[in-house]
Amino acid sequence: MAWFSPLTPIFVAVLCVVIAVLLKGFKTEKREKKAQTAVTSKSRPWVDEDLKDETELDTGDQAHEDWVTEEDDVLHIPFSPMRLTEEEMLHRSQQFFQLMNSRRSVRFISSKPVPREIIDNVIRTAGTAPSGAHTEPWSFVVVSDPETKHGIREIIEEEEEINYRQRMGEKWVNDLKRLRTNWVKEYLDSAPYLILIFKQVYGLISSGQKKTHYYNEISVAISCGILLAALQNVGLVTVTTTPLNCGPRIRILLERPTNEKLLLLLPVGYPEEGATVPGLSRKKLEDIMVTV
């Protein structure tokens, strides 16, 4: 064969080595990318594993006999709206804005007792929020027992120290420095009440069947906003606390079912004498509203 020469075996051997090196490099690069993706995914500080779920909508993966569908028709009744003059509307809108504009996140909360009936009423108010298909996917756990409050504080401070030192990253921690926040949460002991808001990722009825809770997190977030307004309305203070990576342990401590995920924690009470807050300003109307 004319094309064959003594150099051919050497050429083939070199070619095989080159191909082997390229394949090895490709596999190594692929493994490194996969590992890097896994680390990045694992270290994302804004993802709380306890809040991840696939129950916003029934995907069909669950056995149909485990889930129940509302079939009864709902009776519609006449709606009686509040009737105000335009002058009254304008006055009330300005008055309510002034009330809510004075709302601040307060981290110095007095241990002075608050009547329980007031807490009951503000939670009743939060329960008026709209929800997907009227599933009302919220549970408000009110904690006043000092031992339980301290147990919650220990869990949160332990995880928060890890968050500040490892999970949150330098940029996030630096952004918080001007607000003088850290992982020490004394208000979790001093506040007369801790309100823990859980989202129900699905409902459970007496037969043991599951009920789909559509848009459960959005629905619960709306109720939290109404709760903040109700607290401001009665002169109580709070600070919105998102207990990152604390949900499972707190859920077990409070003996809550597994279909509930901790979304928000609010320490509630009167402000301490001499309490201070950061001197922040809010965006102007033209910076937050777009008219079309």
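All values below were derived from every heavy atom in this structure, side-chain atoms included, with hydrogens, water molecules and symmetry-related copies excluded. All values derive from a computational prediction rather than experimental measurement.
Looking only at side-chain heavy atoms (C-beta outward), F198 and R256 come within less than 4.5 Å of each other. Residues V268 and V237 form no side-chain contact, since every pair of their non-hydrogen atoms from C-beta on lies 4.5 Å or further apart. Two residues are said to be in side-chain contact when any heavy atoms from C-beta on lie closer than 4.5 Å; I123 and V142 meet this criterion. The side-chain heavy atoms of L84 and R92, taken from C-beta on, include a pair separated by under 4.5 Å. With contacts defined as side-chain heavy-atom distances shorter than 4.5 Å, the pair S105/V277 does not qualify. Counting only heavy atoms from C-beta outward, the side chains of K211 and T135 approach each other to under 4.5 Å. Under the 4.5 Å side-chain criterion, counting only non-hydrogen atoms from C-beta, L265 is in contact with I156. At least one side-chain heavy atom of E136 sits less than 4.5 Å from a side-chain heavy atom of S131.
Under the 4.5 Å side-chain contact rule for hydrophobic residues, F108 and L231 do not share a cluster. A continuous path of Ile, Leu, Val, Met, Phe, Trp and Tyr side chains, each step under 4.5 Å between heavy atoms, connects V234 with F140, placing both in one hydrophobic cluster. Hydrophobic clustering of Ile, Leu, Val, Met, Phe, Trp and Tyr side chains at less than 4.5 Å, counting indirect connections, unites I197 with I118.
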Q: Show your working on side chain to side chain contact (heavy atoms under 4.5 Å, CB included) between V220 and I218 and close with a plain yes or no.
A: CA-CA 5 Å; V220 178; I218 295 173; over 6 Å; no
Q: Walk me through it: do T125 and N233 pass the test side chain to side chain contact (heavy atoms under 4.5 Å, CB included)?
A: CA-CA 11 Å; T125 304; N233 185 56; over 6 Å; no
**Q.** Verdict with reasoning, I195 to V141, per side chain to side chain contact (heavy atoms under 4.5 Å, CB included)
**A.** CA-CA 6 Å; I195 302 178; V141 179; over 6 Å; no
Q: Go through the steps to decide whether R116 and D120 satisfy the test salt bridge (Lys or Arg N to Asp or Glu O under 4.0 Å), and finish with yes or no.
A: CA-CA 6 Å; R116 178 56 189 266; D120 292 348; 3.0 Å; yes
Q.
Would T238 and V106 count as a side chain to side chain contact (heavy atoms under 4.5 Å, CB included) here? Give the steps.
A. CA-CA 6 Å; T238 187; V106 179; over 6 Å; no
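Residue R251 holds its CZ atom at 12.0 Å from OG of S139, rounded to the nearest 0.5 Å. To the nearest 0.5 Å, the span separating CG on L266 from CG on L236 amounts to 11.5 Å. Considering CD of Q95 and CG of L90, their distance stands at 11.0 Å, rounded to 0.5 Å. Residue T291 holds its OG1 atom at 9.5 Å from CG of L285, rounded to the nearest 0.5 Å. We find the SG-CD distance between C246 and E158 to be 8.5 Å, quoted to the nearest 0.5 Å. The distance from the OG1 atom of T148 to the CG atom of L254 is 7.0 Å, given to the nearest 0.5 Å.
The minimum heavy-atom distance between Y270 and P113, with the atom names listed, is CE1-O, 3.3 Å. Across all their heavy atoms, I109 and Y187 have their closest contact at CD1-CB, 4.2 Å. Scanning both residues, W138 and S219, for their nearest heavy atoms gives CZ3-O, 3.6 Å. Pairing each heavy atom of I226 with each of A126, the nearest pair is CG2-CA, 4.0 Å. What you find for P267 and T241 is that their closest heavy atoms are CD-OG1, 4.1 Å. Nearest heavy atom pair, residue V122 against residue L227, reads O-CD1, 3.7 Å.
Counting only distance, with no hydrogens or angles, the side chain of K199 and the backbone of E217 share no donor-acceptor pair below 3.5 Å. The main-chain N or O of Q200 is never found under 3.5 Å from a side-chain atom of N259 such that the two would form a donor-acceptor pair. Distance alone, capped at 3.5 Å, places no donor-acceptor pair between the H213 side chain and the V201 backbone. In terms of modelled atom types and a separation under 3.5 Å, the side chain of Y193 and the main chain of V114 share a donor-acceptor contact. Checked by atom type and distance alone, the side chain of E157 never pairs as donor or acceptor with a backbone atom of E154 at under 3.5 Å. At least one donor-acceptor pair closer than 3.5 Å links the side chain of S110 to the backbone N or O of K112. Using a distance-only test at 3.5 Å, with no hydrogens or angles considered, a donor-acceptor pair links the side chain of R104 to the main chain of P278.
Counting non-hydrogen atoms of neighbouring residues, nucleotides and ligands closer than 6.0 angstrom, the CD atom of E88 exceeds 12 such neighbours. Counting heavy atoms of neighbouring residues, nucleotides and ligands inside a 6.0 Å radius, atom CD of E255 does not exceed 12 of them.
Considering K185, R153, R249 in turn, R249 is the only one that fulfils the salt bridge (Lys or Arg N to Asp or Glu O under 4.0 Å) rule with E159.
Under the 3.5 Å distance criterion, with hydrogens and angles disregarded, a donor-acceptor pair is assigned to the side chains of S102 and Q232.
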